[in-house]
Amino acid sequence: MKIMTFNILFGGEDRFDAILAIVAAAGPDLLVLQECVGWEDGARLRAVAEAIGAPAGERHAVLGRANPRPNGRRNHVAVVSRAPLAAARVHAPEALAHCLVEVELSLAGEPLVVLGTHFNAGSEDRRVTEARWLLSLVPPARFAEGLWALAGDLNGLSRRDPYPADLDARFAAAGIEKYGSPPRFDTMDTLEASGWADALLLRPRSSRWVTAVRGRAGAQVETRTDYVLLSPRLTGRLVQAHVIDVGAASDHHAVVAELA
């Protein structure tokens, strides 16, 4: 099974055909998309399902209606699955900037729960609050014994990625403040301390790790904020993980984790 996460930026806009081509070529079994802005009519959700070979309908595609941003925009989260979903639920408490889509399906005869989400873009404190809320959603005993995956744009940095020693200075030169100064890693630290494991760090197919380049002309910083995280038992099924370069189709590259 391939799980893919991809922030498509403002609903895909006029890049949507390129996005369809990317997801079709990747061939994920389960796809999590962030920033599905303006997808309420279902047309783009159906097009994505068709692109990856998933049947149409609620048993295979879920659009999580996100909380509105201050400008009124809703950055919806979508989950599309080739296999039928045994259950699906959308969570949009005030603690979340957007929403979280929780789905359950079968992996080799066992229940697999996948959480698809998009954390706050501007504040590490808000992201930590979101991470703690997410952890409260997952019963510790079920997490330890079961198969769980978390996929999405978490907007946080991992201290285990190969950032340079002068990262703080680079962020300052690029005018990037959302990670704090010095840069904070609290969000990913919080999740990893609770047992979530980073698929791309566990079994990387290549040395590529960057999913977003941020900053301004002459002062840009390579970062990763897109993740597929796995519960302890699910790490034993991980075959490999990799980043897909999507070119100009979005401002985020996609991440894929392949499970046996």
Side-chain angles (χ1 to χ4, degrees), residues 1-7 26 28-34 77 79 100-103 107 112-121 124 127-138 140 142-164 167 178-180 183-214 221-246 252-260:
M1 171 183 283
K2 290 182 184 177
I3 298 176
M4 176 176 175
T5 181
F6 185 13
N7 183 324
D29 298 288
L30 189 138
L31 174 64
V32 179
L33 298 175
Q34 300 85 44
V77 175
V79 174
L100 180 145
V101 180
E102 176 185 0
V103 301
L107 176 62
L112 167 66
V113 179
V114 180
L115 309 176
T117 195
H118 184 189
F119 280 0
N120 184 278
E124 188 72 0
R127 290 189 286 272
V128 171
T129 296
E130 291 175 311
R132 289 172 176 163
W133 180 89
L134 184 152
L135 294 174
S136 74
L137 182 69
V138 181
R142 285 188 60 202
F143 179 74
E145 298 169 2
L147 305 178
W148 295 72
L150 167 58
D153 175 6
L154 304 184
N155 267 309
L157 306 178
S158 170
R159 66 175 67 252
R160 298 202 291 142
D161 279 333
Y163 290 109
L167 181 62
K178 69 180 192 175
Y179 303 116
R184 294 171 57 188
F185 303 92
D186 306 48
T187 300
M188 299 311 299
D189 286 350
T190 297
L191 293 169
E192 290 192 355
S194 295
W196 289 100
D198 187 339
L200 190 64
L201 292 175
L202 283 175
R203 297 251 193 278
R205 191 172 80 178
S206 73
S207 60
R208 176 177 287 168
W209 64 280
V210 174
T211 64
V213 178
R214 295 288 178 256
V221 185
E222 294 181 330
T223 67
R224 177 166 71 112
T225 62
D226 305 271
Y227 300 87
V228 178
L229 306 181
L230 309 176
S231 63
R233 275 199 63 220
L234 194 54
T235 61
R237 295 177 179 260
L238 178 63
V239 177
Q240 63 177 15
H242 64 282
V243 174
I244 296 176
D245 188 334
V246 306
H252 286 252
H253 299 312
V255 177
V256 176
E258 183 177 344
L259 306 171

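Treat the numbers as computed from the prediction; the structure is a model and nothing was measured.
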> Step by step, would you call R160 with E192 a salt bridge (charged side-chain N to carboxylate O under 4.0 Å, His left out)?
Replying inline: CA-CA 11 Å; R160 298 202 291 142; E192 290 192 355; 3.4 Å; yes
What is the minimum heavy-atom distance between [X] and [Y], and which atoms define it?
| X | Y | result |
| --- | --- | --- |
| V210 | V243 | O-CG1, 3.6 Å |
| T190 | A131 | CG2-CB, 4.3 Å |
| S158 | F185 | C-CD2, 3.5 Å |
| V32 | G116 | CG1-CA, 3.7 Å |
| I244 | M4 | CD1-CE, 4.2 Å |
| Y179 | N155 | CE2-O, 3.5 Å |

Compare all side-chain heavy atoms of [X] with those of [Y] and state whether any distance is below 4.5 angstrom.
| X | Y | value |
| --- | --- | --- |
| L150 | L191 | yes |
| V113 | E102 | yes |
| V103 | L30 | yes |
| T225 | K178 | no |
| L230 | L259 | yes |

Between [atom1] on residue [X] and [atom2] on residue [Y], distance to nearest 0.5 Å:
| X | Y | atom1 | atom2 | value |
| --- | --- | --- | --- | --- |
| H242 | R208 | NE2 | CZ | 9.0 Å |
| T235 | R203 | OG1 | CZ | 8.0 Å |
| W148 | W196 | CH2 | CH2 | 7.0 Å |
| T211 | R224 | OG1 | CZ | 7.0 Å |
| L100 | H118 | CG | NE2 | 12.5 Å |
| D29 | L112 | CG | CG | 11.0 Å |

>> Set out, in order, the CA-CA distance, both residues' side-chain angles and the distance that settles side chain to side chain contact (heavy atoms under 4.5 Å, CB included) for L200 and Y227, then state yes or no.
In response: CA-CA 8 Å; L200 190 64; Y227 300 87; over 6 Å; no
> Could you walk me through whether T129 and N120 pass the side chain to side chain contact (heavy atoms under 4.5 Å, CB included) check?
Replying inline: CA-CA 10 Å; T129 296; N120 184 278; over 6 Å; no
Would you check if the side chain of [X] reaches a backbone N or O of [Y] as a donor-acceptor pair within less than 3.5 Å?
| X | Y | value |
| --- | --- | --- |
| K2 | V256 | no |
| H252 | A212 | no |
| W209 | P204 | no |
| D161 | Y163 | no |
| R233 | E145 | yes |

>> Can you tell me which residue among T5, D153, N7 is in a side chain to side chain donor-acceptor pair (under 3.5 Å) with Q34?
In response: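 In the set T5, D153, N7, the residue that makes a side chain to side chain donor-acceptor pair (under 3.5 Å) with Q34 is T5.
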> Is the number of heavy atoms from other residues, nucleotides or ligands under 6.0 Å of E222 CD greater than 12?
Replying inline: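 Counting neighbours around CD of E222, 12 or fewer heavy atoms of other residues, nucleotides or ligands fall under 6.0 Å, so no.
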>> Test side chain to side chain contact (heavy atoms under 4.5 Å, CB included) on L154 and T117; report intermediate values, then the result.
In response: CA-CA 7 Å; L154 304 184; T117 195; 3.8 Å; yes
> Quick one: salt bridge (Lys or Arg N to Asp or Glu O under 4.0 Å) partners of E124, sequence neighbours excluded?
Replying inline: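 For E124 the salt bridge (Lys or Arg N to Asp or Glu O under 4.0 Å) partners, ignoring immediate neighbours, are R127.
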>> Determine whether V221 and L167 satisfy the following criterion, side chain to side chain contact (heavy atoms under 4.5 Å, CB included), listing intermediate values before the conclusion.
In response: CA-CA 8 Å; V221 185; L167 181 62; 3.8 Å; yes
